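Residue numbers run from 1 in the order of the sequence given. Values in this document were obtained by computation on a predicted structure and should not be read as measured data.
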Amino acid sequence: MPMRSGSGVTYWFDPGALCLELLTTGGPGPFARFETLRAPADLAAWAARSRLALPPGPPPALEIADADVADARRLRDALFRVAAEVAGDDEVTAILPVAGADLARVNAFAARPPLASAAGPGGQRLWARPAGWSPRGPDAAAVGDGPALLATVARDAVDLLTGPYRGRIRACAGARCHLLYVDTSRPGRRRWCAMEHCGNRHKVAALRARRVPPPDAG
């Protein structure tokens, strides 16, 4: 996913899982200052740049309501705390401990009907509305694309938290960077959100430290 640093530099970040891609949109507590999900169009734009690659506009346009955006933030914040704890990010868990309802919230979203996967003519994976979809009506939990989109994300979270890669959920080792990712590398030694971002900053800092002359012992 394209990310922008505080200095305005764009870099690419691969969280390794759909559910962790949602965490790039903001978070609870002090991470609320990074909030990007404020309107239905924001959630649609995220779905378009995520690994789902869902089109944000016609054809076909996602049917997303304000209630879905609020739900997305609730799911994201719960997952943020759970994933940070699993990753062992003590700095985050010290200020944002897992709440008793966080895992239950993720499971509740996962219990809803998800988007249906389909094969495209070129071998690409497509996503379709679940069976029984209808235009949004008074029962917002049962219709529209928003609930199915969030159920898909939550089910991905359940798969990650219960699967073989649970032990490879990591927090970036960069100073003041708390991006979470799945280390899918063969040796399992990935340390950075992106080598060209935090990895490069670490290399530059280490180089500068080596160039500092030792203090005069005399």
Peer 1: To the nearest 0.5 Å, how far apart are CG in Asp145 and OG1 in Thr152?
Peer 2: 10.0 Å
Peer 1: Can you measure from CG (Asp68) to CG (Leu150) and round to the nearest 0.5 angstrom?
Peer 2: 6.5 Å
Peer 1: Would the number of heavy atoms belonging to other residues, nucleotides or ligands and lying under 6.0 Å from CD of Glu91 be above 12?
Peer 2: no
Peer 1: For residues Ala72 and Leu37, report the shortest heavy-atom separation together with the two atoms involved.
Peer 2: CB-CD1, 4.1 Å
Peer 1: Tell me if a side-chain donor or acceptor on Tyr181 pairs with a main-chain N or O of Arg190 at a distance below 3.5 Å.
Peer 2: yes
Peer 1: Between Phe80 and Pro28, what is the shortest heavy-atom contact and its length?
Peer 2: CG-CD, 3.8 Å
Peer 1: Within a reach of under 6.0 Å around CZ of Arg125, are more than 12 heavy atoms found that belong to other residues, nucleotides or ligands?
Peer 2: no
Peer 1: Flag the pair Leu23 / Pro15 as yes when at least one side-chain heavy-atom distance between them is below 4.5 Å, and no otherwise.
Peer 2: no
Peer 1: Please say which of Arg168, Arg166, Arg170 ends up in a side chain to side chain contact (heavy atoms under 4.5 Å, CB included) with Val86.
Peer 2: Arg166
Peer 1: Check the pair Leu62 / Leu43 against side-chain contact (heavy atoms from CB on, under 4.5 Å), numbers first and verdict last.
Peer 2: CA-CA 10 Å; Leu62 288 174; Leu43 184 54; over 6 Å; no
Peer 1: Under 3.5 Å, side chain of Thr93 to main-chain N/O of Leu96, donor-acceptor pair present?
Peer 2: no
Peer 1: How long is the span from the CG atom in Leu180 to the OG1 atom in Thr24, to the nearest 0.5 Å?
Peer 2: 11.0 Å
Peer 1: Might you point out which heavy atoms bring Cys193 and Tyr11 nearest each other, and give the distance in Å?
Peer 2: SG-CE1, 4.3 Å
Peer 1: Considering all heavy atoms of both residues, which atom of Ala78 and which atom of Arg105 are nearest to each other, and what is their separation?
Peer 2: CB-CD, 4.0 Å
Peer 1: Using the side-chain contact (heavy atoms from CB on, under 4.5 Å) rule, take Thr184 and Tyr165 through it: C-alpha gap first, then chi angles, then the decisive distance, then the call.
Peer 2: CA-CA 8 Å; Thr184 58; Tyr165 281 100; 4.2 Å; yes
Peer 1: Using every non-hydrogen atom in the two residues, find where Ala151 and Pro113 come nearest and quote the distance to one decimal.
Peer 2: CB-O, 3.6 Å
Peer 1: Should Trp46 and Thr36 count as side-chain neighbours, where that means a heavy-atom distance under 4.5 Å?
Peer 2: no
Peer 1: With Phe31, which of Asp77, Val92, Thr25 fulfils side chain to side chain contact (heavy atoms under 4.5 Å, CB included)?
Peer 2: Val92
Peer 1: Please report the interatomic distance CZ(Arg73) to CZ(Arg38), rounded to the nearest 0.5 Å.
Peer 2: 9.0 Å
Peer 1: Output the distance between atom CZ (Arg74) and atom CG (Asp102), rounded to the nearest 0.5 Å.
Peer 2: 13.0 Å
Peer 1: Side chains of Ile169 and Leu161: closer than 4.5 Å at any heavy-atom pair?
Peer 2: yes
Peer 1: Hey, could you give me the OG/CG distance between Ser50 and Leu149, rounded to the nearest 0.5 Å?
Peer 2: 7.5 Å
Peer 1: Locate the shortest heavy-atom distance separating Cys19 from Leu160; write the atom from each residue and the value.
Peer 2: SG-CD2, 3.7 Å
Peer 1: Hey, are the side chains of Val182 and Leu20 touching, using non-hydrogen atoms and a 4.5 Å cut-off?
Peer 2: yes
Peer 1: Between the side chains of Arg51 and Asp14, is the shortest nitrogen-to-carboxylate-oxygen separation below 4.0 Å, so that they form an ion pair?
Peer 2: yes
Peer 1: Are any side-chain N or O atoms of Arg155 and backbone N or O atoms of Arg112, one a donor and one an acceptor, separated by less than 3.5 Å?
Peer 2: yes
Peer 1: Does the Asp89 side chain pair with the main chain of Ala171, one donor and one acceptor, at a distance under 3.5 Å?
Peer 2: no
